[in-house]
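Take a look at the structure set out below.
Here the structure is a predicted model, which means the values were calculated and not measured. Chain A is the first sequence line, chain B the second, and so forth, proteins listed ahead of strands; every chain is numbered from 1.
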Amino acid sequence: MSAALEVEGLSVAYGKVEALHRASLRVPEGSIVTVIGPNGAGKTTLLGAIMGLLASRGTLRYAGAALEGLPTEDRVARGMCLVPERRELFAGMSVEDNLLLGAFHRRGAGARALAADMTEVYGRFPRLAERTRQLAATLSGGERQMLALGRALMAKPRLLLLDEPSLGLAPRVVREIFRIIADLKRTGVSMLLVEQNARAALQVADYGYVLEIGDIVMEGPAAGLAGHPRVIETYLGLSAKTSQPD
Amino acid sequence: MNEDIFLWLIQDGVTNGAIYALLALALLLVFAVTRVIFVPQGEFITFSALSLALLEAGRTPGTLYILVIGGLAAAAMEAFVALRERAWRRLPRIAALYVLLPVAVAVLVAWAAPRKFDQWIQVLLVLAMVVPLGPILYRIAYQPLANASVLVLFIVSMAVHYVLTGLSLVFFGSEGLRSRPFWDAKFRLGVLEVSAQSICVVVASLVLILILWFLFEHSIYGKALRATAMNRVGARLVGIPTVLTGHLSFLLAALIGAVSGILIAPITTLYYDTGFLFGLKGFVGAILGGMGSYPLAALGSIAVGLLESFSSFWASAFKEVIVFTLIIPMLAWLSLRSRHVEEDEE
Amino acid sequence: MTAASAAKLRPHPALAAFVAFLVVAPFALSEFYVTLMNYIGLATLVVLGLVLLTGVTGLMSFGQQAFVGISAYTTGVVTTLYGGSPWLGLAAGLGLTALVALGLGLITVRLSGHYLPLCTIAWGISAYFVFGNLDVLGRYNGLGSIPALSLFGWTVDTGRKSYALIWVATLAALLAARNLLDSRSGRALRALRFRATMAESFGIDAAQLKLVIFLYAALLASLSGWLYAHFLRFVSPGAFTVNVGIEYLFMAVVGGASQVWGAVIGASLLTMLKEWLKDILPRFFEQSGNYEAIVFGLLMLALLHRARDGLMPVFARLGRGDPRRASPPVAAPGLSRRPRPAAGKLLLELRGVNKSFGGLAAVRELSFEMRGGEILGLIGPNGAGKSTVFNLVTGVLPADGGQIRFRGERIDALPARRIARLGIARTFQHVNLVGAMSVLENVAIGAHLRGAQGTVAAMLRLERDEERRLLHEAARQVERVGLAAHLGDSSASLALGQQRLVEISRALAADPVLMLLDEPAAGLRYQEKQALAGLLRRLRAEGVSILLVEHDMEFVMGLVDRLVVMDFGEKIAEGLPGEIRSDPVVIEAYLGGIE
């Protein structure tokens with residue numbers, strides 16, 4: 001299978017401190033790949049470097065073409081899109097304007113095409129359809145995440161990067177978000193998913209990597225990783241211990 | 001003070017205040033989008049007002065040299081980057097935008113200047129010379145430092161101010177100039193005699209503000225500017241190029257500065273360095289409005305205009321002192337509002 | 001005396017050469033160059049103030065020429081109109097400057113970045129027009145026939161004599177500033193520009209310190225103005241235009257605004273360049289014009305684009321490099337320590353605490369207690385509000401409602417620096433060290449409240465005894481976390497895990513009763529985690545209580561006495577580690593899952 005994204009020997013340093021150390025990973029076309037790991041392991045740094053928000057060393061290839069030197073906007077124009085951990089919505093603008101700006105690089109597509117895409121996004125997120133005129137700042141945490149996802153979908157991405165999509169959301173909303181992620185996969189979007197919620201991530205993903213203090217320490221098919229004792233111990237948290245109280 | 005003088009001072013204050021409101025708008029826009037405190041905003045006023053006065057006199061304004069020199073400098077910087085990145089395809093566009101366009105405008109102006117065309121044509125020529133200076137300036141001075149801190153960008157602004165005032169003296173000399181009024185009529189409104197030029201200024205300012213508002217609310221580029229002002233990371237993530245919003249906001253700043261200069265030229269004698277104080281009064285207006293809201297900044301600017309006209313009546317020597325000291329209590333209020341530990345500087 | 005401190009007393013070769021040049025210059029140079037040197041000295045005084053104000057503290061001023069002017073005019077009026085002594089003029093000038101600067105400073109030093117420079121431009125313009133429009137100041141003609149200074153019968157009436165006076169004053173100011181930066185107050189100053197929250201959390205009163213520096217910079221400008229008036233014997237508004245203020249700042253930038261000696265370099269280069277340009281440029285251009293302004297502006301642009309830190313680092317590289325010492329500090333008597341509360345006594349109490357951001361509740365009706373000598377774990381999924389709790393307890397954020405008590409005293413309305421005084425120290429989730437400072441200096445910031453000597457004592461080096469004790473204490477705490485080998489390294493050069501350990505040793509240097517540790521084990525390897533757990537257990541044995549946020553469950557479960565679990569800003573469980581592990585609510589919150 002050809003790769004939507006290939007990362008080889010990617011390093012990022014803040015000043016003299018390396019936050020990511022020669023990381024290599026691959027997102028096959030049409031699959032979901034997850035990167036799990038503790039806080040501060042470099043997951044967000046990895047996504048920032050892939051999008052060109054951070055300077056990095058190493059090779060990045062998207063759909064076979066090298067990304068070096070391309071500014072973020074050109075990566076977006078080629079079909080990459082990041083839903084960041086902090087959502088980064090336009091707080092003082094309406095839901096509709098946020099969505100419209102999501103399609104900024106497709107501004108030449110014509111009003112009709114954009115309106116159709118917006119209807120599709122509203123179909124996926126009925127909660128947003130009820131709030132088209134509302135300012136983004138007034139949305140709840142779950143609605144903000146839906147708007148961030150919706151805004152990303154307006155860009156018609158071929159590769160979607162998701163940073164902690166479940167962060168701070170109630171379990172019910174988390175389930176909804178992951179259902180949508182699974183849904184998107186069926187439309188052919190490739191995804192790189194960074195998650196603290198390792199269990200949910202491994203359930204939805206095809207393949208997984210474990211990132212620790214800037215290094216990729218483990219990788220494998222998601223189902224296999226979910227059953228690996230070390231992953232269970234460290235990233236699935238209490239589950240191993242709950243069964244065997246001391 | 002009798003009623004006549006009182007009303008005349010109000011008219012004078014509102015007229016100047018309208019100009020300050022335009023400037024305050026441009027300063028807030030540029031700051032929100034690019035984090036640049038654009039002190040040299042006032043130089044656009046100088047350039048356009050003095051150019052208009054010179055065109056009226058049938059002389060060739062030095063602005064066209066500034067335009068061509070600036071364009072060539074920007075072209076050199078762009079070409080350097082393009083050559084380093086081996087992006088040959090960019091070269092024709094660079095040549096067209098930064099070399100051909102400025103040279104074409106310069107040739108046109110040089111040809112038109114001695115022919116003393118109609119005033120409206122001269123206004124268009126001035127706009128054609130001054131407005132491109134905004135993006136050119138952004139490209140030369142600010143774009144390479146787009147990620148620098150607010151304070152570094154502030155020093156850049158002061159350096160740009162130094163260069164532009166220096167150029168202004170070289171090309172315009174130290175004599176004061178004033179242009180012909182657009183509309184030389186006077187109306188009586190009760191006891192007040194209103195000059196048509198004042199009406200022109202206020203109406204033109206209002207129209208320009210409305211156009212800008214419409215663009216911000218309803219065009220995708222206006223929305224992109226607002227989005228960048230609200231959330232820079234978010235803007236980059238939806239693919240809005242920082243370079244584009246930088247150029248756009250400086251284009252609007254130059255347009256606003258040029259229009260202000262054209263409006264003010266018939267009612268004030270301007271010297272090569274007058275624009276600096278004008279620009280700063282725009283800042284005073286914006287600060288009086290809390291440095292965040294466009295309508296409040298406009299109100300603050302009208303207040304500056306009124307204060308200035310009344311203090312020039314009572315204590316004309318201390319007019320500037322009064323206006324510029326005014327922001328200190330306002331800043332005190334702003335500082336009281338920001339009680340808690342401030343954000344760490346990046 | 002040890003070798004280390006002996007080395008410190010040996011003068012830097014560049015400094016020695018500079019002083020030697022200053023001594024020889026008046027005998028070797030022509031009158032023209034001596035005068036130029038005088039202008040350089042006068043500018044250096046002002047620029048030095050800007051280095052402290054802008055480069056170190058991050059407050060940018062384009063209005064220093066106003067303070068120069070106030071003082072120059074004051075001594076002018078005192079000596080010519082009232083026939084007073086120049087020394088009375090100096091006192092009056094410094095006094096008036098201090099008064100004006102205090103008024104302006106109280107208002108402006110709290111302002112965020114860009115307001116202050118705008119404000120300084122505004123008062124610079126005001127001052128110029130005041131000077132030019134007051135009859136008593138001679139309007140735009142200025143004040144003439146100001147008398148020369150005289151010192152014990154020695155009249156300073158020539159350029160060479162003024163040279164001596166100006167450079168003695170300048171050199172003294174440079175040394176005082178260098179001493180200041182290398183002291184307790186200096187560390188605080190260098191920290192608060194980039195790490196204001198951290199500085200306040202260790203008891204540094206940022207606003208007060210900024211005000212002191214603002215005042216000091218104004219007084220340096222004032223001193224320069226007094227020397228200027230009696231050297232030139234004439235003052236006029238033309239010397240105090242906004243452009244003069246802008247050029248002072250350009251000088252600071254050229255020299256490298258964060259270095260004391262950069263003031264000399266910047267002032268020298270630009271003063272000489274300006275003189276040279278004024279001489280040479282008119283030969284190329286027919287028209288008269290302010291050509292040097294264009295050149296200055298372009299040079300500044302080039303400098304900011306290419307070498308934003310100014311030229312001082314370039315000079316430093318030519319010399320011996322950063323002169324700051326890397327050897328461990330000498331042994332010194334220990335600092336006094338706080339009494340610890342008895343184990344089991346109520347220490348920290350949160351009752352019904354609320355906090356929301358923009359309508360989203362981050363902490364809701366949170367209540368829990370902590371007792372002396374206890375390690376309490378605060379756990380929960382990301383975004384549960386744990387870090388917000390830390391910020392509420394340490395006063396970094398004000399609570400919206402509820403009460404927080406520490407040893408019975410309400411602290412929810414206190415600012416961070418007051419809470420630090422009570423013996424609460426913390427680490428930050430996002431490492432909050434001053435990257436350019438050494439590990440030792442970073443940790444010494446933690447001990448800020450255990451010293452008392454201020455800025456004046458530091459300038460005069462009267463605080464060396466206390467300084468040795470502070471540094472010794474800092475070094476002891478660095479050793480304790482196992483980083484003794486990195487004492488002199490810049491903190492930015494350490495790995496993330498080591499930086500977290502530096503954070504912990506900085507908190508330890510504050511001699512805390514209660515420590516709040518935000519994910520201390522993140523980024524540590526297995527062995528390091530074991531060592532950290534050992535250290536925290538030893539601290540508990542010494543009577544230090546610890547509130548711990550941590551995601552590594554193995555680390556937490558083996559260490560803490562009790563746990564509080566949060567989810568969505570609320571407490572969902574509290575109890576012993578064993579109980580928490582088998583609590584179904586906790587398991588659901590943590591594991592969630594999607595099925």
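- In this structure, CE on A:Met80 lies 11.0 Å from CG on B:Leu237, to the nearest 0.5 angstrom.
- When all heavy atoms of A:Glu73 and B:Gly239 are compared, the pair lying nearest together is CB-O, 3.5 Å.
- Residues A:Gly102 and B:Val238 share a closest heavy-atom pair of CA-CG1, 3.9 Å.
- Closest heavy-atom contact between A:Arg107 and B:Tyr221: NE-OH, 2.9 Å.
- For the atom pair CZ (B:Arg236) and CD (A:Glu88), the distance works out to 11.5 Å, reported to the nearest 0.5 Å.
- Annotation for A:Arg158: atom CZ does not count as buried by contact number, only 12 or fewer foreign heavy atoms lying within 6.0 Å.
- Side-chain atoms of A:Leu101 and B:Ile220, non-hydrogen and from C-beta on, do get closer than 4.5 Å to each other.
- Heavy-atom pairs under 4.5 Å with chain B peak, among A:Pro84, A:Gly92, A:Ala103, at A:Gly92.
- In B:Arg90, the CZ atom is crowded: over 12 heavy atoms of neighbouring residues, nucleotides or ligands sit closer than 6.0 Å.
- In this structure, the portion of A:Ala91 lying under 4.5 Å from any heavy atom of chain B is its backbone and not its side chain.
- Side chain of B:Asn231 to main chain of A:Leu89: a donor-acceptor pair is present (N/O by atom type, distance under 3.5 Å, no hydrogens or angles).
- Minimum interatomic distance between A:Met93 and B:Lys223 (heavy atoms only, all atoms of both residues): CE-O, 3.7 Å.
- When all heavy atoms of A:Phe104 and B:Ala224 are compared, the pair lying nearest together is CE1-CB, 3.5 Å.
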